[in-house]
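For the numbers below, each heavy atom of this structure counts, side chains included, while hydrogens, waters and symmetry mates do not.
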Number of protein chains: 2
Amino acid sequence: MGTDSAGTEQRQPVMADVAKLAGVSHQTVSRVLNGAPHVRPDTRDRVLAAIRELDYRPNSAARTLVTRRSQTLGVVSFDSTLYGPASMLDGIERAARSAGYFVSVTSLRSLDGRSVQEAVDRLRDQGVEGVVVIAPQTSSVSPLAKLSSSVPLVAVGSGNQTHVPMVSVSNGYGAGEATGYLLDLGHRTVHHVAGPANWLESRDREEGWRLTLRAAGAPVPEVQRGDWSARSGYQAGLRLARLDDVTAVFCANDHMALGLLRALHEAARSVPHEISVIGFDDIPEAAYFTPPLTTVRQDFGELGRRALELLVGELEGAAPSPAHVQITPEMVVRRSVGPPAWR
Amino acid sequence: MGTDSAGTEQRQPVMADVAKLAGVSHQTVSRVLNGAPHVRPDTRDRVLAAIRELDYRPNSAARTLVTRRSQTLGVVSFDSTLYGPASMLDGIERAARSAGYFVSVTSLRSLDGRSVQEAVDRLRDQGVEGVVVIAPQTSSVSPLAKLSSSVPLVAVGSGNQTHVPMVSVSNGYGAGEATGYLLDLGHRTVHHVAGPANWLESRDREEGWRLTLRAAGAPVPEVQRGDWSARSGYQAGLRLARLDDVTAVFCANDHMALGLLRALHEAARSVPHEISVIGFDDIPEAAYFTPPLTTVRQDFGELGRRALELLVGELEGAAPSPAHVQITPEMVVRRSVGPPAWR
DNA sequence: GGAGGAGGTGTGAGCGTTAACTTGGCGATA
DNA sequence: TATCGCCAAGTTAACGCTCACACCTCCTCC
């Protein structure tokens, strides 16, 4: 008959429905929902009961519209299939949730700056309050400075970028530790299987390796360049196996180290008796390689967590701190290293 | 000096600002933005120019409020640090983006049904239009049926759940292939390192293995139970190495196979000469194990993509298809298998 | 040449919430 | 007893967008 209440209305209940049922105004419902003071306990209870009865859910779009806060953070990542990015994402998500934020992710299809730009824009259009960028490529760092003006932004990765708040692992330090350890064992020098040239991690680890060799007065062999994959490590291994003065190799990550181990095995070069190998990351499998891999552990989850803390701090604290958090990696010694063979 | 225009207002431009600048009504701006017909080309151009000049961004919360569409999908995953879930997430994100959706993720802290419930609720409160659940544990499947009434939902994993649309890999088939291959090579039977008992994948692979042995009249050895980690595979390997009638082992995933290889190597049991090993997943590193691992490949990215297609279909097509998409895995033969040793 | 239709645009209402005011009690203070 | 102030509510106005409709101008057709 009338215009309303034509029986069983199927639409979602809204605040007004709750208010009517509880016999209060919608504003009081809002107050209860937001934990505002000055609500009489019995009133609160009536409202809560009505909410439960109707299974009422606040509409987040409406709330966002008026408060201008979406409670959502964005994450831009590159290849979230890799162990590192995946773990960081996981850390970020956990930290975000406990800070009361949702996480919206988007992954990059290519490495260029425009792609990062697009991804951040996309996230921004969706209304995220801040963005964490996991994109440690040289090409994607410079655009960040511009972007950060449009939306609070934190980078996670490597490098000494001054413009953007960032949390990173001391890759150079870790690489130095690994290289130094091998030199201390008595190796004349240490070869290096590096990551892609345009990754900051890659560059920093290479630099750490190089500086340590120089400081020790050791010769600096030619770098074998890989792309983080086991496949590329394998190929680097085949090349290194042809040289016969190789007694120690530092790989920029564990996956390449795995490939290297494979290649050395095929070339009948014993690890660690003839050649020592150190990786980087300490992926969960590293301890089960043949032989178990000595490596430099970095805590990806912690990295993500810290990045999120930084972002939330920037968002909620008034301080627009352009901080740079450094996390120190730690070497884990396993059976893939030893003193050089006497011969 | 009225109430408005006190100089350089810092607030974000809204549709009305664009309209004023272009000399049209806000509705025309909306039409241009949404590609509505019946807008004269030069009007459109003026509007577009105004948008660019002001760097106007539509407010998604406002749009969502009125259209009741958030353009956002939720993903619930368990341990997105693992290669499988991470790859699926990646596939889902890519597919979602090309279908015009954002992706909001949340990961489970524990396996129980209540935890899944909470995660989905959380996502729903945020206003997602649908949810993909990557949670192939037995404990989390039953709650899904109830949940699916409140929001469109698709599961990805395993099992023959009838209540919820799902996309899964034929785990039983893959396990059967692997087991059959080993039997065909002449092995008397095949041992099995299984995954956690409460995972559907685990259960289905174990069942495929068992059925194949039975069908071939082969004895069914006791199952070694692991937890997907290389560590647990290693421990299972130590146990199996003590038995001396073991000539073939099928592992429920590649990581456990890695641990197994390690244990067998330490026990001086040669693979494949004394013992053949097959894994499951074909992670990128499997080809570089020592020896390279024969395994059953499943395309996680494809899995995620298909799950998303299913969800979007349910969302946009009128058909509430309670489909069940099956993807067939494929065996990849490498050097970790061979005929049993004669002795 | 007036009716009808289609293209092109403007007007007003409403989505569901929070923010800012307003209102009405009631006890404490002067 | 009149006044102040605090508590506990209610009322109204945004927030920025889309939808439904009204309107105007041509053009076509009989």
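A donor and an acceptor atom, one from each side chain of B/E93 and A/S107, are located under 3.5 Å apart. Between A/Q126 and A/T72, the side chains place no donor N or O within less than 3.5 Å of an acceptor N or O (distance only, hydrogens not considered). B/N59 and A/R68 share no donor-acceptor pair across their side chains, judged by distance under 3.5 Å alone.
The pair B/D42-B/R44 does not count as a salt bridge, with every side-chain nitrogen at least 4.0 angstrom from each carboxylate oxygen. A salt bridge is defined here as a Lys NZ or Arg NE, NH1 or NH2 lying under 4.0 Å from an Asp or Glu carboxylate O, and B/R122 with B/E118 fails to meet this definition. A salt bridge links B/R306 to B/E302: one of the charged nitrogens lies within less than 4.0 Å of a carboxylate oxygen.
A heavy atom lying under 4.0 Å from DNA chain C marks the following residues of residues 36-47 of chain B, by number: B/H38, B/V39, B/R40, B/T43.
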Under 4.0 Å protein heavy-atom contacts per nucleotide of nucleotides 11-18 of chain D, with B for base, S for backbone only and - for none: BB--BBSB
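For the atom pair OH of A/Y101 and CD of A/Q71, the computed distance is 6.0 Å after rounding to the nearest 0.5 Å.
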